[in-house]
Amino acid sequence: MLFAISVLENKPDSNLDPTFGRAGAFVIVDSDSGEIIETINNPNVNAAGGAGYATAQMLANKGVKAVITGSLGPNAYNVLNAAGIKAYYNSGYSAVDQVAKDFSAGKLKPIEQSLGRGRRHSGNF
Amino acid sequence: MIVSVASGKGGTGKTTVAVSMAIAAAPVTLIDADVEEPNANILLRASKHDATDFSVPFPIVDPLRCDYCEKCAEFCAYNAMIVLKGLKVFAAPEICKSCGGCILVCPKDAISEKPRKMGLINYYSRLNVNLIEGEINVGEAVAKPLINELFRRLPEGNDVIVDCPPGSAHSVVESTRSADFVVLVTEPTPFGLHDLIEALKVTDSLKKPVGIIINRSDIGDDKIEILSKEKSIPILMKIPYSSEIASKYSQGIPPAEFSDYWREEFIKLWHNIMEIV
Ligand code: SF4
Ligand code: SF4
């Protein structure tokens, strides 16, 4: 099974990027061998909008079955869900190999839902 | 004549001014363009006599025709088309701008349009003020098409007052674009001054004639008056703090309704603006 980790830089020994849609890059790992298959730049870092959607779509079409990140917006969550991809939470800026080990050891908590967008309350009259 | 009433942020008394001016200038059409939080009718207290759905065209994909070629997703500049290969193709409602481009580029003719309801347009009437209110559904991020639609619903030949959304963002641009005159409501505080300067950037860029109304004019400093002199922008009205205005306001009654003095003042204001325009 392939899983993806959101990372700050496009290199195998990068650290976790706590954002998802606008994460700097992704590291894709094969859980069976523990090997890094690929590191990819995230083309949506500076997207005008819809970064969460586009990033989730890209990973889905790469065939990953799980993603590990620090936070997930509702858009990205919905696409991952539709594609049958599970999301897992990891805080801070941990090193990629540590995150991958923790994931394989079943230590990471799944992200069950994303927070919806709130409504503006300005009390404006 | 179209007069837009705007402010740099919420809470300056913008809606109080817009509704009071409408009552004084009646018969008139009042547009509530703050579609995320419409509240002009809290002060007009009119009953609704009509409502229509506001919908936009929205692309729907036929899974039997689609071969997941991704042409639609590549085309969409907003990243609104999501292609999950072999699984599902759909447009993201909060992001899609209804441009129809994906329909044209799909080689399989798999995409068609269906109306998607984004909100309501409500009609109210009281005291010879016809209020048209836009109300966008919670979670819809794009207020612009609804604001544009409100302007298309304007009755011919009527004078119009627009209660703009707060802030100096796109929606304010949208609701002052067709105005003949813009009234900026502010307070004599550092925040009020800052927001006024931001709002003036918008009106300057649209080259609109503007005037200032200072609300709670007796609480702060004179920086706004200095700015108005420097930029030769007229101060159209000053509304000092009054416990009567505040307490009536909390019951939803604007000054032009409960006070003859303020009704006269708002009538004068309206004539004053007509002369400037
Ligand atoms: S362009 Fe048409 S056929 Fe290609 S993925 Fe989009 S909907 Fe499917
Ligand atoms: S209608 Fe336009 S904005 Fe909406 S999904 Fe199609 S191409 Fe994108």
Side-chain angles (χ1 to χ4, degrees), chain A residues 1-4 6 19-23 26 28 38 40-67 72-87 113-125, chain B residues 6-19 34-40 42-43 68 70 73-74 76-97 136-143 163-167 169 171 185 215 249-250 252 254:
Chain A
M1 177 195 95
L2 301 181
F3 64 93
S6 62
T19 65
F20 177 78
R22 294 176 196 282
F26 285 88
I28 297 180
E38 196 183 353
I40 36 171
N41 258 324
N42 183 2
N44 309 307
V45 180
N46 297 313
Y53 275 121
T55 302
Q57 169 178 233
M58 171 185 80
L59 294 174
N61 291 332
K62 289 260 174 207
V64 310
K65 290 287 170 252
V67 300
L72 207 54
N75 298 342
Y77 180 81
N78 288 339
V79 173
L80 294 179
N81 217 14
I85 298 171
K86 278 220 154 73
Q113 63 172 22
S114 161
L115 292 171
R117 222 180 268 159
R119 206 177 175 187
R120 176 169 61 83
H121 283 286
S122 59
N124 141 67
F125 282 86
Chain B
S7 66
K9 66 166 173 72
T12 58
K14 168 179 64 64
T15 300
T16 309
V17 166
V19 175
D34 187 4
V35 299
E36 287 176 48
E37 222 170 89
N39 51 27
I42 295 176
L43 294 174
Y68 307 102
E70 289 190 277
E74 282 160 23
C76 181
Y78 307 100
N79 284 334
M81 251 310 166
I82 318 294
V83 179
L84 299 175
K85 284 206 166 149
L87 277 173
K88 205 173 169 184
V89 178
F90 62 99
E94 321 78 57
I95 300 180
C96 172
K97 299 279 193 292
I136 202 153
N137 289 349
V138 176
E140 296 290 358
V142 196
D163 186 11
C164 297
S171 42
V185 184
N215 193 22
Y249 167 81
S250 66

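Every chain is numbered from 1 and lettered A, B, ... according to where its sequence line falls, protein lines coming before strand lines. Because the structure is predicted, anything quoted here is derived from the model rather than measured.
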Subject >> N81(A): side chain to side chain contact (heavy atoms under 4.5 Å, CB included) partners, not counting sequence neighbours >> reply: Y77(A)
Can I get a per-line list of side-chain donor-acceptor pairs under 3.5 Å for residues 79-91 of chain B, giving both atom names and the distance, sequence neighbours left out?
{"from": "N79(B)", "atom 1": "ND2", "to": "G49(A)", "atom 2": "O", "distance (Å)": "3.4"}
{"from": "K85(B)", "atom 1": "NZ", "to": "E70(B)", "atom 2": "OE1", "distance (Å)": "3.0"}

Subject >> Contact origin within A40(B) toward chain A - heavy atom pairs under 4.5 Å >> reply: neither
Original post:
Taking the six-membered ring where the residue is Trp, are the ring centres of F3(A) and F26(A) under 6.0 Å apart?
Top reply: no
**OP:** In sequence, state the C-alpha distance, the side-chain angles, and the governing distance for D163(B) and D34(B), and then conclude on side-chain contact (heavy atoms from CB on, under 4.5 Å).
**Re:** CA-CA 7 Å; D163(B) 186 11; D34(B) 187 4; 5.5 Å; no
**OP:** Tell me, yes or no, whether the heavy-atom count around Y68(B) atom OH, taken from other residues, nucleotides or ligands under 6.0 Å, exceeds 12.
**Re:** yes
Subject >> Residue pair A23(A) / V45(A): nearest heavy atoms and the distance that separates them >> reply: O-CG2, 3.5 Å
Subject >> chain B contact via N44(A) - side chain, backbone, both or neither, heavy atoms under 4.5 Å >> reply: side chain
Original post:
Residues in ring pair (Phe, Tyr, Trp, His ring centres under 6.0 Å) with Y53(A), at least two apart?
Top reply: none
Original post:
Among residues 58-66 of chain A, which ones touch chain B with a heavy-atom distance under 4.5 Å?
Top reply: A60(A), N61(A)
